[in-house]
Amino acid sequence: MKNITFQKEPIDTSELMSGTGTDGDGSVILFIGRARNRSRGKDVTHLDYEIYESMAYKEMDRIVTYAIKEWSLNSCTVIHRYGKVEIGEDSIVIALSSPHRKESYKASQYIIDTIKKTVPVWKKEFYADGSSWITDRS
Amino acid sequence: MTEIKITIKAFASVKDILGFSEKDMNVPEGSTITEILGNFISDKKELDGIKDSLLFSINEVYSYIEENLKDGDTLAIFPPVSGG
């Protein structure tokens with residue numbers, strides 16, 4: 001089962017987790033990327049994500065489809081926020097399942113690392129005294 | 001010289017520098033991304049400073065800078081991505 005969503009609204013992680021996995025899965029991994037209040041030595045007030053949605057969906061689908069096949073996942077959901085994200089809110093959630101944990105961990109790491117390299121989404125950090133587009137891949 | 005019509009999309013800092021998110025443009029048939037970019041860089045010095053890190057897509061697929069555009073193509077220009 002594959003689900004890719006881009007949304008402006010906050011992510012309901014509890015609902016997502018209750019629907020992740022099958023009876024054949026002994027491992028369920030949840031990765032959450034969350035907006036933090038400090039970055040590059042500055043206090044961050046909030047984030048704003050811009051997205052090239054049609055291309056982002058294609059790139060995300062390519063990444064998730066590869067991961068499902070490579071690590072025999074039975075389910076994989078990726079939800080990425082766009083627009084304004086407040087401090088403490090989740091900006092991305094990856095929920096996936098597989099029969100064994102080794103595959104789940106590897107797939108989760110691959111998916112988040114590859115999203116940060118190729119999916120056309122851009123983060124802008126806002127501070128008390130201005131804002132800045134983030135262009136590194138940390 | 002035959003011209004083709006393309007759509008250019010710009011995102012994030014590139015959008016801020018160019019001052020538009022999307023525009024149609026007529027360019028000579030067979031133009032490469034490099035050649036099209038030349039039209040912008042000449043009067044946008046800020047773009048010149050980041051041009052080596054820019055990424056491109058044609059019709060939503062990542063492209064090399066020497067790729068040729070066809071009539072009706074959508075060229076997107078953007079900085080390194082930073083999602084997640």
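Only this structure's heavy atoms are used, side chains among them; waters, hydrogens and symmetry mates stay out.
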Heavy-atom check, side chain of [X] versus side chain of [Y], under 4.5 Å:
{"X": "A:Ser104", "Y": "A:Asp25", "result": "no"}
{"X": "B:Glu67", "Y": "B:Phe56", "result": "no"}
{"X": "B:Ile65", "Y": "B:Leu37", "result": "yes"}
{"X": "A:Ile134", "Y": "A:Leu47", "result": "no"}

>> Just checking A:Lys2: does its NZ atom have more than 12 heavy atoms from other residues, nucleotides or ligands closer to it than 6.0 angstrom?
In response: yes
> Given that the side chain runs from C-beta out, which part of A:Ile51 has a heavy atom under 4.5 Å from chain B: side chain, backbone, both or neither?
Replying inline: backbone
> Measuring heavy-atom distances to chain B, does A:Ser132 have an atom under 4.5 Å in its side chain, in its backbone, in both, or in neither?
Replying inline: neither
> Any residues in residues 52-64 of chain A near chain B, with a heavy-atom distance under 4.5 Å, and which are they?
Replying inline: A:Tyr52, A:Ser54, A:Met55, A:Lys58, A:Glu59
> How about residues 83-100 of chain A versus chain B: which residues have heavy atoms under 4.5 Å apart?
Replying inline: A:Ser91, A:Ile92
> Same cluster for A:Phe31 and A:Met17 if Ile/Leu/Val/Met/Phe/Trp/Tyr side chains link at under 4.5 Å?
Replying inline: no
>> Hydrophobic cluster membership, with links at side-chain heavy-atom distances under 4.5 Å among I/L/V/M/F/W/Y: are A:Ile68 and A:Leu16 in one?
In response: no
> Which atoms of B:Asp16 come close to chain A, meaning under 4.5 Å heavy atom to heavy atom: side chain ones, backbone ones, both, or neither?
Replying inline: side chain
> Rounded to the nearest 0.5 Å, how far apart are CZ of A:Arg101 and OG of A:Ser108?
Replying inline: 15.0 Å
> If you look at every heavy atom in B:Ser63 and B:Ile58, which pair is closest and at what distance?
Replying inline: OG-N, 3.0 Å
> Between A:Tyr127 and A:Val44, which heavy-atom pair has the shortest distance, and what is it?
Replying inline: CE2-CG2, 4.0 Å
> Which one, B:Ser53, B:Ser13, B:Ser57, B:Ala76, leads in non-hydrogen pairs under 4.5 Å with chain A?
Replying inline: B:Ser13
Acceptor/donor pairs from residues 20-27 of chain B side chains to any protein atom, 3.5 angstrom cut, sequence neighbours excluded:
| residue | atom | partner | partner atom | Å |
| --- | --- | --- | --- | --- |
| B:Glu22 | OE1 | B:Lys9 | NZ | 3.0 |
| B:Asp24 | OD1 | B:Thr7 | OG1 | 2.8 |

>> List the residues meeting ring-ring contact (aromatic ring centres under 6.0 Å, His included) with A:Tyr110, not counting sequence neighbours, and say none if there are none.
In response: A:Tyr66, A:Trp71
>> So which residue, A:Thr118, A:Ile112, A:Ile115, ends up with the most heavy-atom pairs under 4.5 Å with chain B?
In response: A:Thr118
